[in-house]
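Have a look at the structure below before the remarks.
As the structure is a prediction and not an experimental result, all values here were calculated from the model.
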Amino acid sequence: SPLSLSPQAFPLRSLRRRQPTLLVACGPAQNGAVGLVCARHLRSFDYEPTIFYPKRSPDPLHRDFTTQCEKMDIPFLSYLPTEVQLINDAYNAVVDAVLGAEGTQGTEGTEPCAAILATLRHVRIPIVSLDVPSGWVPGPVGGSGDISPDVLVSLAAPKEVARRFRGRRHFLAGRFVPEELRRKFGLSPPEYPGSDCVVAL
């Protein structure tokens, strides 16, 4: 799981707040589903995630992930505070599972994604982006309005936009990629330590 990175990137003892609170912002498509799985794993590692998932997907798998989070007593926010200081004060970090690679299809300008990104651009706590930082455009050069994640977790393989990443840590969660797909796309994965599902790049 991408979330086995949390003890590596943000060990519980290193968090600035006594409570290990994290905000997981989920979009309506695939990246949002990854965020729900992420929140579930964070809970298993003794973090205290809160989910903001304003536009829930009707997809049965996404509904199952939502139910699993609810059964684990992970709270869901009904709205995202527009006062950024409230987020800075309440959480240690934000997990960006808003758009991911789907942001390259122009959905970053639609609600509720646009409002979430407008808020994320101003938070002062670390941002952990899953796969592709939300709102980033394809290619090695991006616009000035991008969010600036502290940690990037590439899924399967780093995307081209990862060349622009200048944050603190970059992880790859790609141990699960079948050998057939590795050959097809010419992927050369790094060695994963022990039984870890992520590796630092």
Side-chain angles (χ1 to χ4, degrees), residues 1-10 12 19-81 87 90-108 110-117 119-120 127-135 149 151-157 159 171-182 192 195-199:
S1 159
L3 270 300
S4 57
L5 74 92
S6 296
Q8 297 178 42
F10 296 103
L12 286 170
Q19 292 179 296
T21 54
L22 299 168
L23 176 62
V24 183
C26 297
Q30 184 62 36
N31 203 246
V34 174
L36 294 171
V37 174
C38 169
R40 192 181 68 201
H41 284 275
L42 285 167
R43 173 67 90 198
S44 298
F45 283 110
D46 296 325
Y47 293 84
E48 296 179 13
T50 296
I51 298 170
F52 180 58
Y53 185 31
K55 188 175 181 181
R56 299 190 180 195
S57 169
D59 183 282
L61 184 61
H62 294 217
R63 287 203 309 264
D64 288 347
F65 290 158
T66 302
T67 300
Q68 290 167 10
C69 289
E70 290 170 343
K71 296 287 187 188
M72 294 180 77
D73 294 324
I74 299 173
F76 283 74
L77 288 181
S78 56
Y79 69 95
L80 189 66
I87 297 172
Y91 303 102
N92 291 282
V94 178
V95 176
D96 159 33
V98 182
L99 292 172
E102 295 118 16
T104 64
Q105 299 168 4
T107 52
E108 68 270 16
T110 61
E111 295 299 345
C113 298
I116 298 172
L117 293 185
T119 300
L120 292 186
I127 295 174
V128 179
S129 287
L130 303 183
D131 203 25
V132 171
S134 293
V151 176
L152 176 62
V153 184
S154 293
L155 305 179
K159 312 307 182 281
F171 294 91
L172 174 63
R175 191 171 198 157
F176 56 85
V177 177
E179 184 61 36
E180 181 181 350
L181 288 180
R182 289 180 182 171
Y192 287 81
S195 60
D196 289 357
C197 292
V198 297
V199 62

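- When side chains are defined from C-beta on, Cys38 counts as touching Leu130, because their heavy atoms get closer than 4.5 Å.
- The structure places CD of Glu48 at 12.0 Å from CG of Asp73, a figure rounded to the nearest 0.5 Å.
- Listed by first and then second residue, the salt bridge (charged side-chain N to carboxylate O under 4.0 Å, His left out) pairs that reach into residues 57-68 come to none, sequence neighbours excluded.
- Closest of all the heavy-atom pairs between Leu77 and Phe52 is O-CD1, 3.7 Å.
- Remark: the backbone N or O of Tyr53 is not paired with any side-chain donor or acceptor of Lys55 at under 3.5 angstrom.
- By the 4.5 Å heavy-atom criterion applied to side chains, Leu99 and Val132 are not counted as neighbours.
- Here Asn31 contributes atom CG and Ser134 contributes atom OG; the two are 6.0 Å apart, rounded to the nearest 0.5 Å.
- With sequence neighbours excluded, no residue forms a side-chain hydrogen bond (donor to acceptor under 3.5 Å, both in side chains) with Gln19.
- Pro28 and Cys113 make their closest contact through CD-SG, 3.9 Å (heavy atoms, listed as atom of the first residue, atom of the second, distance).
- A heavy-atom distance below 4.5 Å is found between the side chains of Asp96 and Leu120.
- Residues Tyr91 and Leu22 come closest through the heavy atom pair CD2-C, 3.6 Å.
- The side-chain heavy atoms of Cys26 and Leu36, taken from C-beta on, include a pair separated by under 4.5 Å.
- Applying the salt bridge (Lys or Arg N to Asp or Glu O under 4.0 Å) rule to Glu70 yields the partners Arg56; only residues at least two apart in sequence or on another chain are considered.
- Residues satisfying the side-chain hydrogen bond (donor to acceptor under 3.5 Å, both in side chains) test with Arg43, not counting sequence neighbours, are none.
- Ile74 has its side chain out of reach of Val24: every pair of non-hydrogen atoms, C-beta onward, lies at least 4.5 Å apart.
- Pairing each heavy atom of Ala25 with each of Ile116, the nearest pair is CB-CG2, 4.1 Å.
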Take Ser44 and Met72 through the test side chain to side chain contact (heavy atoms under 4.5 Å, CB included) and record every step on the way to the result. CA-CA 9 Å; Ser44 298; Met72 294 180 77; 3.9 Å; yes
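- Residues passing the side-chain hydrogen bond (donor to acceptor under 3.5 Å, both in side chains) test with Ser154 are His170, sequence neighbours excluded.
- Contact of the Pro20 side chain with the Phe45 side chain is not registered, since no non-hydrogen atoms from C-beta on lie closer than 4.5 Å.
- Between the side chain of Asn92 and the backbone N or O of Thr21 there is at least one donor-acceptor pair closer than 3.5 Å.
- Annotation: side chain of Leu80 is in contact with side chain of Leu23 (closest heavy-atom distance under 4.5 Å).
- Between Ala39 and Cys69, the shortest heavy-atom contact is CB-SG, 4.4 Å.
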